[in-house]
Every structure is written in C-alpha cells, then in structure tokens.
Amino acid sequence: MNEKKDNKNKKEKQKYALIAICLILVVGISVFALTLVNKNNNDEEKNMAYTDLIKEINEQTVEKLEMTVGSTSVKVKIKGEEEKTAIVPSTQAFIELVQEKVQEGNEIELIQKPKNIFLTIPSTFLSLLPTLMMLALLILIINMQGLGDKGKVYDGVENKSKVRFKDIAGLDEEKKELEEIVDFLKEPKRFYNMGAKIPKGILLYGKPGTGKTLIAKAIAGEAGVPFISMSGSEFIEMFAGLGASRVRKLFEKARKLAPCIVFIDEIDAIGSRRTSNSGAESENNQTLNQLLVEMDGFEDNETIIVLAATNRPEMLDKALLRPGRFDRQITIAPPDVRGREEILKIHSAEKKFASNVSLKSIAEDTAGYTGAELANILNESAIIATINGHEAIEQEDIEEAVKKVTVGVQKKTRVISDKEKKLTAYHEAGHAIVGKFLETSDPLKEISIIPRGIAGGYTMYKSNEDKFYKSKTELEERLVGLLGGRAAEKLALNDISTGARNDIQVATQIAKEMVTSYGMSERLGPISLEENENLAMFGESIEDVIGVEVKTLIDTAYKKAQEILKANMDKLEIVANLLLQKETITAEEFDEIFE
Ligand code: ATP
C-alpha cells in the first residue's frame, strides 16, 4: 500500500514539476520577448519621419545610412546629430533613390547589412506564442490522462516481483488455492496438453489493507512473471471517453509481456453494475465492456491471469462473474488471532524489541485489525520508542501505538475548560458503566478523558475474541453501549453535547443495517432492503417503515442505557470524579468501584 502511495506521490510531484517548468518557461520567454520589443519601441522615440529623411538627404546633411536586408527600418546619421531611425515605405525604391543621389555627388555612406536572425526571434515567438501554449496544454492533458504509457510494470531488470508467499502471514488456504495458478504460469503447456482450462480472472474480495495487492504480487513473484497493475479509478479520471482505450492499452502491454499477471485494484470503480446510457454511467459501461472484450479475447497461447480486488463485491456487474471471466472468487478476511501474531512477526523482523514485549498479547488486543493496520502499529511503535528515548521498542510503546492508530494522537497540550472535562468524564463513565451491565459487551481496558485525535476522551475495550457473526442481542447491546455516553450527559448534567456525534453516527448505521441488511426487524422480517430494486418492490411506504424500525431500535437502546445509569447514579458520580482526578483509569481501578 505504501509503495502504491509513494508511486502516486512521485507521479503527482512530477506532474506539478512539469506544469511549473512549462509555466516558468512560457512566462520567462514572454518577458524576454516583450523586453526586446519594448526596447525597439523605446528606440522609436528617436525616430524621424520619412519626409524629414528625404528633406535631410536633399539638403545633403545625411552622413550615413544603415539598412538591414529585408527590413524597412533605416538608421540615419545626420551631421552633428545623434543616430535616428526612419521607416521607409519601399526598401528597393529608397536604395535606388539614395544611389541616384550618391551619383549626383551627394556624400552618403550607404551600408547594407545582412539579416540578423536573432532580432526576428521575439516577434516570431510572440506570433507563435498562442500555438505554443495550446501545444503545451495538449501535452499536459495527454500526460495527465496517461494516454502515453499506462499500467505500471514491476518488472525491473530481472522482470520479477520480489514478494513471495512466505512474506504473507496467515491466509494459508488462500495461498494453497493460488499455488496452482503459480504452477500454471510457470508451465502453461503442461496444463493445456491435459486439456485443462485455467481461470482467466480471479476476484479477491476483502477490506482495504487485508493484503490483496500483496497476494497478487506474490503470485507474480513465485511464478517469476511480470506484474502489471492499475487501479480501477485510474481508468476513469478527469476527462471522459478514455477508460476503454486505457483498458486496451493495458492489455496490449500484457500481451507483449505474457505470461504475466494483470492486477486491477478497486475494480468496482469500473465494474459496477451497468445501467442506463447516460453520461458518466455510459463511460463506465464502455470501460467495463472493453475489459470483458479483452478477457474474452485471450488466446490459448496468451498466458495472462487477471487478478482484481474489491471491497464492495455487491456492487459488481454480474457479467464480470460469468465463466471465462472472473469465475473464481477468493475472500480475503481480516486475520484471526494466529494470523495477526504471524503478521506482527513478519513486520517485526527488522525492529528491536525489549524483552517484555509479547506479540501474542498485541495480537489478542487487536481483533478486527487488518495486516496493513498491524504493520502500521509496529512502525508507529518504533517511532514512539525513538521519541521516548528507549533502547528498544517496549510494550508500552506498542500499546501507545495501538491507541494512536485506533483513537488518534494524544492531545495533552489541548486546553480544555473544566466544564468540558466534566462533560467528557460523565460521558465516558456512562459508556463504561453501561458496558459493565451488558452481557455481550467486550471487557473494559481503559477509560480516559485525555483528548486523542478528534475525540475528547475514550473508553477502550479488550477485544480478544474474533467473531465472524454477531447476534441480534449483541448488536442491540452494542447500541445501548454506544448511547451510554449521551444518556449519562443528560442524567448527570441535564444537558447534552456534540461530543456524542460519533457514537450516534455509528449507532444509526448499525440500526440501519440491522433493519435493511440483516433482516432483524420484527415488522419487516428477513428481507434485504439494501438495494433500490428491492425497495422498489414494496412501493414508497416501505421507506417509512424502515425509518420507524430504525428509530424504535435506537429509542429502545437509549431507554435501556438510561435505566442502567439511573440504577447506578452513585457509581456514575464516583467514576466521573475519579476520571476528573486521574484522567485515565484502568479496568482494575474501575472494577474496584463496583466491589
Ligand atoms: P487496498 O484495498 O487498500 O489496496 P490491500 O488489501 O490490497 O489494500 P495491501 O496493499 O496488499 O492491501 O496490504 C497493505 C500492507 O499491509 C502490505 O504491504 C503489508 O505490509 C501489510 N499486510 C497486509 N496483509 C498482510 C499479511 N497477510 N501478511 C503480511 N503483511 C500484510
């Protein structure tokens, strides 16, 4: 992921550098040209009229005339005066006139100089300036659109990606499934001779940071074939109509490099369901159609495997999933506790740890975290250890890093009024106390009123169990816990604050999903109402029912939170006061209050 970001940043920087250079050149040259033209104009102040020149010639006062071939301007030197410039209507006629006068005995020195091309540059440049600027703009657009060379190829000198399966922790079954792809890329003939058909496309489903790109690179690395990657969103950028041509270019490149891996990240950006033929959607359709055409058109001798990644499988057009296209789908789930420990091990290889560090306990504390987040935590902990002046990374550095990644950076210096502190203390105490009386709530880890990130305080839980499914009771209790903060503010201070914004957002989202995705509403039953087509089946009134059901879930949860707190007002006071006094209290200190 970082590598991808770095590449993107580099490209962005190059793009801006190019724009800056173009601008500087255009402005610089314009200023230069204008100065020269100005200079000529200033010279014209010393001009003399043509009639005056003829008069002076007739009066025999002119000493010298100097002309440049092809130019109508004449430098005139009159006896005892400064040199002046005159413009003649016809060069040829003027020269003949002067020569006549010389023959008549007029002593005029007539000098004819060859053309000086440098003097013509400014005016030529100025006349070409609009064309040049248009050209520069065109080149810039082409560059930004990537009509040139698209599709990054990580093939270096050895034509190889350096990632191997051993660099990916966990995901053992997934790796096993993909091993046959590696074999196929290594020896395609063996499979073809047997009459086997190998999938052309493999879809990887999974949250961001679960290692989808890493897997695609590892397949290329193991098989020793080039890896071409592009992101779905890169196909569709600022200007319309280019997506399809980019797909064509990408596959042209792949055909040249075959056998190879083509990796399309965020395929939902182009592969979402084809709809009406209007505007952006039609652009999207063309791009998707081109991708399907390319995949259908692979010849047997073209060993190209297309891997695509998405975290929104439900968005994809069904045509993508048909046989001969992305007919294999692999789900990349966030790692379980064992996987997390392995990922932490891989990413701790080059780091120095103190003897008190237990990767196992970090793995236990980070349920639901993706590989990318875990890698980030270890990197943050190395930074924190350095700042703290530790010899090696200590357990407390890692714990601080976990908090930094989850809740944000500690803002110790933020000035907080006593009133705000009190509000936060009741709010966080509310969450913790309500949580204590909910059967399915995770055990408490720490409560704090030290601001972190955008949060004024936080209540952290130990989540040492990996859950793939959640029951209705669990979700209902989650709502109660989330609303515990708001309920405490209201009960203790008889006022409510904006501090509950995030809790309310999360609670509303959960309640909505319970009703529309998980079929957990009594009134609506197990019907998926996520998609507009499904909603349309029931007519408009269904939306009112959804709204009522979501509200009922929230209202019930809020009432339950208030009930728990009303029965424990004395504890709420004690916990809030202890928080005001100590700022952070541990699970043990919290539990003592209840003993
Ligand atoms: P996105 O959808 O954002 O592109 P992704 O699923 O493609 O994310 P990657 O870019 O492959 O995720 O992973 C990001 C980083 O996380 C990797 O470079 C690696 O450092 C780390 N990582 C993720 N999963 C694993 C894993 N199973 N083992 C080791 N490292 C991992």
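Ligands are counted one by one from 1 in listed order, and the atoms in each one are counted from 1 as well.
Between Ala169 and ligand 1, at least one pair of N/O atoms sits closer than 3.5 Å. In terms of polar-atom proximity, defined here as any N/O pair under 3.5 Å, Ile343 makes no such contact with ligand 1.
Residue-level proximity to ligand 1 for His347 is carried by the side chain, the only part with a heavy atom below 4.0 angstrom. Neither the backbone nor the side chain of Asn311 comes within contact range of ligand 1; no heavy atom lies under 4.0 Å.
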- prompt: Under the salt bridge (Lys or Arg N to Asp or Glu O under 4.0 Å) criterion, do Lys212 and Glu174 qualify, and how do the steps go?
  reply: CA-CA 11 Å; Lys212 300 181 291 294; Glu174 289 80 0; over 6 Å; no
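Looking at Ala372, Ser231, Ala375, Pro335 and measuring to atom 16 (O) of ligand 1, the nearest heavy atom belongs to Ala372. The heavy atom nearest to atom 31 (C) of ligand 1, out of those in Leu214, Ile168, Leu204, is found in Leu214.
With rounding to the nearest 0.5 Å, the separation of CG in Asp268 from CG in Asn311 is 6.0 Å.
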List the atom pairs, donor and acceptor, that lie under 3.5 Å between side-chain atoms in residues 500-508 and the rest of the protein, sequence neighbours left out.
{"residue": "Asp503", "atom": "OD2", "partner": "His427", "partner atom": "NE2", "Å": "3.0"}
{"residue": "Asp503", "atom": "OD2", "partner": "His431", "partner atom": "NE2", "Å": "3.0"}
{"residue": "Thr508", "atom": "OG1", "partner": "Ile504", "partner atom": "O", "Å": "2.6"}

Which atom pairs, donor and acceptor, lie under 3.5 Å between side-chain atoms of residues 377-388 and protein residues at least two apart or in another chain?
{"residue": "Glu380", "atom": "OE1", "partner": "Lys404", "partner atom": "NZ", "Å": "2.7"}
{"residue": "Ser381", "atom": "OG", "partner": "Ile377", "partner atom": "O", "Å": "3.4"}
{"residue": "Ser381", "atom": "OG", "partner": "Leu378", "partner atom": "O", "Å": "2.7"}
{"residue": "Thr386", "atom": "OG1", "partner": "Ala382", "partner atom": "O", "Å": "2.6"}
{"residue": "Asn388", "atom": "ND2", "partner": "Asp397", "partner atom": "OD1", "Å": "3.1"}

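Screening Arg255, Arg248, Lys200 for a side chain to side chain donor-acceptor pair (under 3.5 Å) involving Glu294 leaves a single residue, Arg255.
For Glu342, the heavy-atom gap to ligand 1 stays at 4.0 angstrom or more. Using a non-hydrogen distance threshold of 4.0 Å, Gly206 does not register as a contact of ligand 1. At a 4.0 Å cut-off, not a single heavy atom of Thr370 sits close enough to ligand 1 to count as contact.
Taking a 6.0 Å sphere around NZ of Lys472, one finds it holds more than 12 heavy atoms contributed by other residues, nucleotides or ligands.
The contact set between ligand 1 and Gly211, taken as ligand atoms under 4.0 Å from a residue heavy atom, comprises 5 (P), 6 (O), 9 (P), 11 (O), 12 (O), 13 (O), 23 (C), 24 (N).
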